[in-house]
Number of protein chains: 2
Amino acid sequence: MIGFETHDHSHCIATGVAAADARCREAGLRLTETRRRVLEILLERHRAMGAYEVLEVLGKGAKPPTAYRALDFLVKNGFAHRIERLNAFIACAHPGEDHAPAFLICRGCDAVAEAPSEATKGRLGEAARKVGFRIERAVVEAVGLCPKCQDAA
Amino acid sequence: MIGFETHDHSHCIATGVAAADARCREAGLRLTETRRRVLEILLERHRAMGAYEVLEVLGKGAKPPTAYRALDFLVKNGFAHRIERLNAFIACAHPGEDHAPAFLICRGCDAVAEAPSEATKGRLGEAARKVGFRIERAVVEAVGLCPKCQDAA
DNA sequence: CTTGATATGTTATATTGTAACGACTATCAA
DNA sequence: TTGATAGTCGTTACAATATAACATATCAAG
């Protein structure tokens, strides 16, 4: 799990973009300038960002659809995730792997950690099967306090 | 679990409102006319409704804050839940019990079932403890197809 | 009845997200 | 090369969701 500990940012950014690049080449997807730039922005900040916040960083008088299109592309192809609870987006911490993550969201500092999720395997999966519901995608978002914010309080 | 099967609606509404009434009395909360009406609306429809949809049903030229305030009250006190993924609200299926539910959301017909959640107990809970994150609340929303919509497809 | 807390009505505005359309670009096949 | 096609982008306008702020009204306790 990639969590709240500090770490080497520049490495994150480099591997994140490289992974997206590689995966796009092999899948025939186009990692265009705007898309790459938005991914970099998410990786640099390394936290959940709203679409309009990304838009500001893009500058150049970019309009909402520009940000939303790039973000949609990144989310659809697994390079970023949408955090429903925050109406925000965050770079994926495990680019390339096929996964349905869970998130730990700190309500103090808005940091977001990505954890492996097995929502469809546990009792929720059982309950779903029992009533004949077919789960396609699961959103798991836990809100609480990260270690730093617990200390601060 | 309360799911996709058909059932006696009027019973739902009666018990839902009664439970809220009882719980408010014992907790010193005020289930005012608007709040009661909004709860009834959610119970009648028995599906996730947007705040503006509730507002329309309220009629009488009600303005957004009226709906949001009532919904906030109901959510805060456990009589309704917010479905992040849909920006919508649904009456609680287990009024009175203290619980952190998971939801099964059908993308075909927008029906929502409430299932017991144990997000903080399973591996997510372990992962959180491991990094020192204290979970306060968990949102679990699974998107997929309910039995009826699977048949239709 | 007064007081303090809570709830409501109202206006205005903030935030988040899309529809629609025309122009441009990459790719591929004839 | 040319044209066909699908995907992408810039732009305008707007839709949908949510909240701030402030005046008024209501309730419950002393």
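Please read these numbers as outputs of a predicted model, since none were measured by experiment.
- An aromatic stacking contact links B:Tyr52 with the base of D:dT17, defined here by ring centres under 5.5 Å apart and ring planes under 30° from parallel.
- The distance from atom CD of A:Glu53 to atom P of C:dT16 is 9 Å, rounded to the nearest whole Å.
- When the P atom of C:dT25 is taken as reference, atom CG of A:Leu31 falls 19 Å away, rounded to whole Å.
- Contact annotation for A:Arg37: no contact, since no heavy-atom pair falls under 4.0 Å across all strands.
- Checking C:dC21, C:dG9, C:dT18 against every side-chain atom of A:Arg69, the shortest atom distance belongs to C:dC21.
- Of the candidates C:dG17, D:dG10, C:dA26, the closest approach to any side-chain atom of A:Arg30 belongs to C:dA26.
- Within the structure, a side-chain polar atom (N or O) of A:Asn87 is placed less than 4.0 Å from OP1 or OP2 of C:dG17.
- The nearest whole Å value for the distance from the CD atom in A:Glu56 to the P atom in C:dA14 is 14 Å.
- Across the protein-nucleic acid pair, B:Leu29 atom CG and D:dA28 atom P stand 12 Å apart, rounded to whole Å.
- Checking the phosphate oxygens (OP1, OP2) of C:dA7, no side-chain nitrogen or oxygen of B:Arg36 falls inside 4.0 Å.
- With rounding to whole Å, A:Leu58 atom CG is found 12 Å from D:dC9 atom P.
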Test salt bridge (charged side-chain N to carboxylate O under 4.0 Å, His left out) on B:Arg35 and B:Glu33 and set out the steps. CA-CA 6 Å; B:Arg35 291 168 176 175; B:Glu33 189 47 39; over 6 Å; no
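- Taking atom OH on B:Tyr68 and atom C1' on C:dA7, their separation rounds to 19 Å, with Å as the unit.
- Looking at B:Arg137 and A:Glu141, no side-chain N of the basic residue comes within less than 4.0 Å of a carboxylate O on the acidic one, giving no salt bridge.
- Note: A:Leu29 CG to A:Asn77 CG = 5.0 Å, rounded to the nearest 0.5 Å.
- Candidate nucleotides D:dA18, D:dT11, C:dT11 were compared by shortest atom distance to the side chain of A:Lys63, and D:dT11 ranks first.
- In terms of phosphate contacts, B:Arg35 brings a side-chain nitrogen or oxygen within less than 4.0 Å of OP1 or OP2 of C:dA7.
- Side-chain contact of B:His9 with B:Glu44: a donor-acceptor pair under 3.5 Å is absent, judged by distance alone.
- Residue B:Thr66 has a polar side-chain atom (N or O) positioned under 4.0 Å from OP1 or OP2 of C:dG9.
- What separates CZ of A:Phe73 from P of D:dT8 is a distance of 7 Å, to the nearest Å.
- Comparing A:Asp72 and B:Pro65 by the nucleotide of DNA chain C that holds the closest heavy atom to each, the one mapping nearer the 5' end is B:Pro65.
- A salt bridge is defined here as a Lys NZ or Arg NE, NH1 or NH2 lying under 4.0 Å from an Asp or Glu carboxylate O, and A:Glu40 with A:Arg37 meets this definition.
- In this structure, the CD atom of A:Glu33 is 18 Å from the C1' atom of D:dG7, given to the nearest Å.
- For C:dT8, one of the phosphate oxygens OP1 or OP2 lies less than 4.0 angstrom from a side-chain nitrogen or oxygen of B:Thr32.
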